[in-house]
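First up is the structure itself, then whatever we jot down about it.
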Amino acid sequence: MSTDVTVTAAHPTPAGPPPADGAIVVRHRSSRPLDVALTLAPLARGPWDPAFRRTPDDAVWRTSLLASGPVTQRVVQDGARCAVVQLWGPGAREAADAVPALLGEDDDATGFAPPPQVRDAHRRAVGMRMPRTGRVMESLVPSVLEQRVQTVTAHRAWRWLLQRHGTPAPGPAPAGMRVVPSARAWAAVPVWDWHRAGVDPGRARTVTACARVAGRLEEATTMAPVEARARLEKVPGVGVWTSAEVAQRAFGDPDAVSVGDFHLAAAVGWALTGERTDDAGMLRLLAPYAPHRHRVVRLLSLRGHPRAPGRGPRLPVPDYRAF
């Protein structure tokens, strides 16, 4: 039998198709607009992420590994302010309690006045929230893999490693979905598998070092953002860019700017002033919008305007669906 759990709901909403036996169903109703697709989009690590899937019925599927075990979630928009979440697996009950945070219910944009360049995007994306997964390693490992390499290369490595070392998604998940490895499993990945995934020894060492102190890193979700990021950055190989990427997803931090990104500073400068800039210039441009600087960056990425012209050589982009 399925179990219905109403979360922040003034009135229950339709559950849609009946779930498989053993599912928990959470009907989440917010007091303000909610866009499920935009809110959860940053959690995907490429279009073929084994832990994240969009299906033709507009459902968002994702997996997670919680203290109580793995979980598969199917999230469906149900009206402008509602979502229905079906959950399967040993971690379903724990994940059900975290649905409001996952859907950005704690994200408070009160007082946010967007720059003129993104006002239209802000109006169109009124239901976009900052998701909070509460799971550090799930954001930290793929962020480390994205250090100093093409994003498509990092996404290929993430996909390969999850297929090799992840576990099958519980419940009726789409074919090929996997649950991320545990910290112990990350620490045990052999050298030759890092090599086969295309991960250099430096990034492999960083992931292993994070896995060995994963318990302490997961505690960062209960800390203030500054202290939380400082704890992450104590691990050799985890710098300000990586900690910001984790803060955006695991902590739901709307102010975490990915300083050190190869393209971001130039793109922000070009969008806001028509000129390229560096990290220091980007931070000056975004300073008036604190504590919503990451929110501004997300809106800039949504508005669809041209990016700063590139100056580096164009590299071939592999079709990593073949791997």
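Keep in mind that this is a model prediction, so the values were computed, not measured.
Contact of the Val213 side chain with the Lys234 side chain is not registered, since no non-hydrogen atoms from C-beta on lie closer than 4.5 Å. For the pair Leu302/Arg124, no side-chain contact is recorded, criterion being any heavy-atom separation below 4.5 Å from C-beta on. Side-chain atoms of Asp255 and Pro225, non-hydrogen and from C-beta on, never get closer than 4.5 Å to each other. For the pair Leu162/Pro181, a side-chain contact is recorded, criterion being any heavy-atom separation below 4.5 Å from C-beta on. Contact annotation: the side chain of Pro190 never approaches that of Arg196 to less than 4.5 Å [non-hydrogen atoms, C-beta and beyond]. Using a 4.5 Å cut-off on side-chain heavy atoms (C-beta onward), Thr133 and Leu102 make contact. Within the 4.5 Å cutoff, the side chain of Thr221 has heavy atoms near those of the Phe251 side chain. Counting heavy atoms from C-beta on, the side chains of Val141 and Val180 never come closer than 4.5 Å.
In this structure a side-chain-to-backbone donor-acceptor pair under 3.5 Å is present from Arg156 to Ala197. Although no hydrogens or angles enter the test, the distance criterion places a donor-acceptor pair under 3.5 Å between the side chain of Arg135 and the main chain of Leu65. Arg74 contributes no side-chain N or O that, together with a main-chain N or O of Trp61, makes up a donor-acceptor pair within less than 3.5 Å. Remark: the backbone N or O of Asp107 is not paired with any side-chain donor or acceptor of Arg132 at under 3.5 angstrom. A donor-acceptor contact shorter than 3.5 Å links the side chain of Gln77 to the backbone of Leu34. One N or O on the side chain of Arg45 and one on the backbone of Ser139 form a donor-acceptor pair closer than 3.5 Å. Side-chain atoms of Arg27 never come within 3.5 Å of backbone atoms of Val84 as a donor-acceptor pair (strictly under, hydrogens ignored). Listed for the Thr39 side chain is no donor-acceptor partner under 3.5 Å among the backbone atoms of Val36. No donor-acceptor distance shorter than 3.5 angstrom exists from the side chain of Glu146 to the backbone of Ala154, with no hydrogens or angles considered. With hydrogens and angles disregarded, no donor-acceptor distance shorter than 3.5 Å links the side chain of Gln117 to the backbone of Leu300.
Classified by interplanar angle (parallel below 30°, tilted 30° to 60°, perpendicular above 60°), the ring pair Trp158/Trp186 is parallel.
Criterion: ILVMFWY side-chain heavy atoms under 4.5 Å apart, direct or through other members. Under it, Leu38 and Phe112 are part of a common hydrophobic cluster. If you chain together hydrophobic residues whose side chains sit under 4.5 Å apart, Leu272 and Val118 fall into the same group. Note on Val76: it does not cluster hydrophobically with Leu87, by side-chain heavy-atom contacts below 4.5 Å among ILVMFWY residues. The hydrophobic cluster containing Trp241 does not contain Val199, counting ILVMFWY residues as joined when their side-chain heavy atoms lie under 4.5 angstrom apart, directly or transitively. A continuous path of ILVMFWY side-chain contacts below 4.5 Å connects Tyr289 to Leu285, so both sit in one hydrophobic cluster.
Cys210 approaches Leu140 most closely through the heavy-atom pair SG-CD2, 3.5 Å. Of all non-hydrogen atoms in Ala92 and Val71, the two that sit nearest each other are CA-CG2, 3.7 Å. Looking at every heavy atom in both residues, Ala256 comes nearest to Ala244 through CB-O, 3.8 Å. Across Arg54 and Ala37, no two heavy atoms sit closer than the pair NH1-CB, 3.5 Å. The minimum heavy-atom distance between Pro254 and Pro291, with the atom names listed, is CG-O, 3.6 Å. Contact between Pro168 and Val179 at its shortest, heavy atoms only, is O-CG2, 4.0 Å.
Remark: the Arg129 side chain and the Ser30 side chain contain an N/O donor-acceptor pair separated by less than 3.5 Å. At a cut-off of 3.5 Å, with distance as the only test, a side-chain donor of Thr242 or Gln147 sits close to an acceptor on the other residue. Judged purely by distance below 3.5 Å, without hydrogens or angles, the side chains of Ser143 and Glu245 never pair a donor atom with an acceptor atom.
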Derivation and outcome, side chain to side chain contact (heavy atoms under 4.5 Å, CB included), residues Leu40 and Leu103 | CA-CA 7 Å; Leu40 298 182; Leu103 296 178; 4.2 Å; yes

Candidate pair Ser64 and Glu138, rule side-chain hydrogen bond (donor to acceptor under 3.5 Å, both in side chains), full reasoning | CA-CA 8 Å; Ser64 184; Glu138 290 180 13; 2.9 Å; yes

Tell me, with the steps shown, if Glu233 and Val240 meet side chain to side chain contact (heavy atoms under 4.5 Å, CB included).
-> CA-CA 7 Å; Glu233 292 167 21; Val240 292; 3.9 Å; yes

Would Val268 and Thr277 satisfy side chain to side chain contact (heavy atoms under 4.5 Å, CB included), going step by step from the backbone distance to the final call?
-> CA-CA 8 Å; Val268 170; Thr277 189; 5.6 Å; no

Could you go step by step and tell me if Val257 and Val296 meet the side chain to side chain contact (heavy atoms under 4.5 Å, CB included) rule?
-> CA-CA 10 Å; Val257 182; Val296 173; over 6 Å; no

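Using a 4.0 Å cut-off between a side-chain N of Lys or Arg and a carboxylate O of Asp or Glu, Arg229 and Asp253 do not qualify as a salt bridge.
Of the inter-residue distances, the one linking Met130 atom CE with Asp108 atom CG reads 12.0 Å to the nearest 0.5 angstrom. For the atom pair CG of Leu264 and OG of Ser301, the computed distance is 9.5 Å after rounding to the nearest 0.5 Å. The structure places NE2 of His122 at 8.0 Å from CZ of Arg295, a figure rounded to the nearest 0.5 Å. Considering NE2 of His294 and CG of Leu299, their distance stands at 9.5 Å, rounded to 0.5 Å. Rounding to the nearest 0.5 Å places OG of Ser258 at 10.5 Å from CZ of Arg293. To the nearest 0.5 Å, atoms OG1 (Thr151) and CG (Leu145) are separated by 11.5 Å.
When the shell of 6.0 Å around CZ of Arg32 is examined, it contains more than 12 heavy atoms from other residues, nucleotides or ligands.
Take Trp194 and apply the ring-ring contact (aromatic ring centres under 6.0 Å, His included) test, not counting sequence neighbours, and it matches no residue.
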